[in-house]
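Reading through the structure tokens given below for one structure.
In the text below, chain A, chain B and the rest are named by the order of the sequence lines, each starting its count at 1.
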Amino acid sequence: MAESAVIGNLTGARAARRRERASATAISLRTVALVYVTVLVLVPVVVLLYRALSPGLASFFDTLNDPIAQHAFQVTAVVAGISVVIDTVFGVAVAILLVRYRFPGRRLLSAFIDLPIAVSPIVVGLALVLVYSPTGWFGPFVESHGLVIINAKPGMVLATVFVSLPLVARAVIPVLEQVGTDQDQAAASLGANALIRFRRVTLPSIRIALAYGIVLALARCIGEYGAVLVVSGNISGQTQTAPLLIGEYFQTFQRDQAYAIALVLVLVAFAAILAGAYIRRRQRRGN
Amino acid sequence: MTATVERVPAPAGTLSKPARKRAHTGRPLGAASGTTLGVIVIWLSLLVLLPLAAVVGKAFGSGWDDFWSAITSSVTADALKLTIGLSLAVALVNGAMGTLVAWVLVRDRPRGAAIFEMVIDIPFALPTIVAGVVMLAVYGTDGVGPNLFGSRAALFIALLFVTLPFTVRTVQPVLLDLDLDAEQAGTSLGAGPSTVFRRIVLPQIMPAVASGAALSFARALGEYGSLVLISSNIPHQSLIASSLIYGKLQDTGANATQQAAAIATVLLVASAIVLVVLDLIQRRIARRG
Amino acid sequence: MSRSVSRKHSVIAVGAAVIAAALGLSACSSSSSGKSINLVAYSVPKPAYDALSTAFAKTSQGKGFTLSASYGPSGTQRDAVLAGQKADYVAFSVEPDMTALVPDKVDASWNSGPTKGLVSDSVVVITVRKGNPLHITGWDDLTKPGVDIVTPDPASSGSAKWNILAAYSHVLAQGGTAADAEAYLKDFFAHVVSRASSGSDAMQQFLNGTGNVLISYEDEAIDARQAGESVDYIVPDQTILIENPAAVTKGAPQLAKDFLNFVESEQGQEVFASKGFRPVLPNTKIPTVEGANDPSNPFPQPEHLTTVDDLGGWTIVNDKFFGDNGIVTKIESS
């Protein structure tokens, strides 16, 4: 190992000066990095917490107990819940297909999974409206079957799934690749069919990565704004999510209420981050 | 040799080290897997492909002339220039700063690093409109910081906020995985730390840095929720492409939707270029192996 | 590996429960069932309709009443209803947005009642920063150097149309010719700095620091001041009478009709007045209106009050100003 040579070179006055310079650089780098993150992210979030709570806890809970806010949280929960379930099923299926199977167009499929990352939320909304509104490509079909997709929850689910599509798959794929197919093939050779192999072999091995991906997707689904804004019609009590309500409260001079709802969503985000960190630590211990 | 399937690292951190390049081994499709693939393709078509095709279709629906006049109108052209300019700037700045932050977290391991890891994830977990509220609380007219309402500086800072995690999270796993031998050899041969970084570390992490920068660019290009509260939406000054598209969706004029689709198509093309670049980067990583 | 099997089962169970709960929740809140109606309105009257809904819920007819409401730019909302958005009660800023819904969504008899289908009035006012630092006294001050005007985009907003008509007609009211009025409009637009899509958006932009003058409804300015925002407003000597229509749609439940009757009744008109709207019923008791320039006399009569009828009625006006060859269309594209 080169270590002894390195140690040899790290003795002596010249080396000592270099060490000093190195640690001075290290300290200033560290400071720059930490100051950047603090000023850019931490301070504004703390300011928000303060601003949201400064009218007092009573006013905070008043806002949360208002039926409009309650409806908004309900709508958010419903839309995010359904979307996460779809994301999970889709994500796991796609991950297994991409990693374990061989078929023409595999790389193309992988590329399409990533597409949503690069599409603006407003464009997502526009795209869905152009297809699924009564004047869209599928308009006549939608109307003749009495379906309402745009300005209703189904459209919001579509929009939310669109923007969160890659998250579960991308969390699971690396782990699937690492795990390999040995166990799976052993089980196949013992006669287990695909479903049993999935339940008993694959799923346990990706459990933690899957949980992580679900947490990411959940945070994303709860927080979507632009796409849902375009697709939902922002109808209070029906298609107005918590993020949309924040926007509306700002419009109608109800800043304190807007800050209160924002605080709730910040706490939800914190919970997601803590869950993610916890899961990451468990995985690292497992590695 | 096909590259590994991994294109984009899981955004807010990977759970495992980046997969080494391996030839893709896979079974041919069976009945169950074949049907699943079919369902997935149909689902993707209905959800992603068709709607995006509808946007492009609407943009060009009345011909090339209408498309061209829509995107070259003075308000639109300026909005697109502003958006692309801001996104490039943000990609560069956060590409560099994200690398620095990742470096400090991995190599320096300062006290309280765990907290900073979580702080870095905040912009990724936060709803975009809440990010907007956060920005307003500091840089708005009655915020605690300087009043930047309506300025391009405010847009720039908000975009830095939302794109911070991308480069940090693409570079971190690569740094963690780096083989230190080359660096130690360089140091023992008398190279200073900055030379070691420039000549040995940087080439190895460059693909990850570029990947993070590309993701930041794509995200900034389409960002809406975090900007809508702090922007004054004045054409030629602070009006960005996504706000312009949204405004046109509210317009009831005959051509408004076509114009909105035209601007959206420009954004889609820019994003497509970013994805292609990402793909090339990933292939380079795979070849390097 | 029974642990993983039971875990899979619990995942499925949780998933099924979530879906069931979700479907259940979504089913009960999706239709205008029970004591809720779907209201689609222009952007500005939300405070009024919130108050009206509360007041109606206190009556015997409206016990338990709630509104499921969507607010947005008048033109955009009109298109949304035409495209199928569920609406039982629609309220627009300008009459053409309502007539566009006839006969598909709204019956032709919508304006045959005693109030001719109108539920609230207002006037166009000039809103300024608190203390009126630029000393604006009327329309002519708006074309002075240094004045940045915030007004919404007539392509989507009804408020924008009222603003433009008021700006135009003030010249006529002062004795000017149509050519003079058009020249003034050109000047006016040269000072416009924003492109908000609705009256409410324009107010938000102005409050956030854009521009130094906002053209708005009187009731918007009053509502802003009621909410504690630091703005003042001037009722110009020459301005236009804003008249806002509302109606129930075809197939709307009786509850929506009851609500409309309430809105048009004395009690409903009083609620409108308390939120800064000028009532349409002539003998409505005007309460003290906080936020008005003079709370005890909140709705002063301007010297010259033009109406759309004076300008030829909406059909002519809409085409003349906002049509393909309209005055405004030409100014905006130059």
Using a cut-off of under 4.5 Å on heavy-atom pairs, state which of [options] scores highest against chain A.
options	value
B:Gly34, B:Ala218, B:Ala137, B:Ala54	B:Ala54
B:Ala264, B:Gly132, B:Ser33	B:Ser33
B:Ile40, B:Val55, B:Val104	B:Ile40
B:Leu44, B:Val144, B:Ile245	B:Leu44
B:Ile263, B:Thr36, B:Ile122	B:Ile122
B:Val138, B:Val39, B:Ile129	B:Ile129

Using the salt bridge (charged side-chain N to carboxylate O under 4.0 Å, His left out) rule, collect all pairs that involve residues 123-144 of chain B, keeping only residues at least two apart or in two chains.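 As it turns out, the salt bridge (charged side-chain N to carboxylate O under 4.0 Å, His left out) pairs with a partner in residues 123-144 of chain B, which skip direct neighbours, are A:Arg255-B:Asp142.
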Please collect all salt bridge (charged side-chain N to carboxylate O under 4.0 Å, His left out) contacts where either partner lies in residues 89-102 of chain A, sequence neighbours excluded, each pair once.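 Passing the test, one end in residues 89-102 of chain A: A:Arg100-A:Asp184.
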Determine the minimum heavy-atom distance between [X] and [Y], stating which atoms define it.
X	Y	result
B:Phe161	A:Val41	CE1-CA, 3.9 Å
A:Tyr132	B:Leu46	OH-O, 2.7 Å
B:Val48	A:Phe162	CA-CE1, 3.7 Å
A:Val37	B:Val119	CG1-CG1, 3.7 Å
A:Ala262	B:Val133	CB-CG1, 4.2 Å
B:Leu50	A:Phe138	CD1-CZ, 3.7 Å

Show your working on side chain to side chain contact (heavy atoms under 4.5 Å, CB included) between B:Val134 and A:Val47 and close with a plain yes or no. CA-CA 7 Å; B:Val134 165; A:Val47 169; over 6 Å; no
Which atoms of [X] are under 4.5 Å from chain B, going by heavy atoms: the side chain, the backbone, both sets, or neither?
X	answer
A:Ile86	side chain
A:Arg220	neither
A:Tyr50	neither
A:Leu34	both
A:Phe250	side chain

Can you say whether [X] sits under 4.5 Å from chain A via the side chain, the backbone, both, or neither, judging by heavy atoms?
X	answer
B:Ser243	neither
B:Leu49	side chain
B:Ala53	both
B:Leu229	side chain
B:Leu268	side chain

Rounded distance (nearest 0.5 Å) linking atom [atom1] of [X] with atom [atom2] of [Y]:
X	Y	atom1	atom2	result
B:Phe116	A:Thr38	CZ	OG1	3.5 Å
B:Leu126	A:Ile222	CG	CD1	11.5 Å
A:Leu165	B:Leu47	CG	CG	6.0 Å
B:Phe166	A:Ile117	CZ	CD1	7.5 Å
A:Ile122	B:Leu267	CD1	CG	10.5 Å

Selection from A:Leu48, A:Val32, A:Val131, A:Leu97 maximising heavy-atom pairs under 4.5 Å formed with chain B: A:Leu97
Most heavy-atom pairs under 4.5 Å with chain B, out of A:Ser120, A:Ala127, A:Gly136, A:Ala258, belong to A:Ala127
Are the side chains of A:Tyr225 and B:Val130 in touch, meaning some heavy atoms are under 4.5 Å apart?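 A side-chain contact is absent here, since even the closest heavy-atom pair is not under 4.5 Å.
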Does any non-hydrogen side-chain atom of A:Tyr36 lie less than 4.5 Å from one of B:Val93?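 SC-SC contact between B:Val93 and A:Tyr36 confirmed.
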Test side chain to side chain contact (heavy atoms under 4.5 Å, CB included) on A:Tyr101 and B:Leu37 and set out the steps. CA-CA 10 Å; A:Tyr101 290 88; B:Leu37 178 64; over 6 Å; no
Using a 4.5 Å heavy-atom cutoff, which residues in residues 219-226 of chain B come close to chain A? B:Gly222, B:Tyr224, B:Gly225
Is any residue of residues 89-96 of chain A within less than 4.5 Å of chain B by heavy atoms, and which ones? A:Phe90, A:Ala93, A:Val94
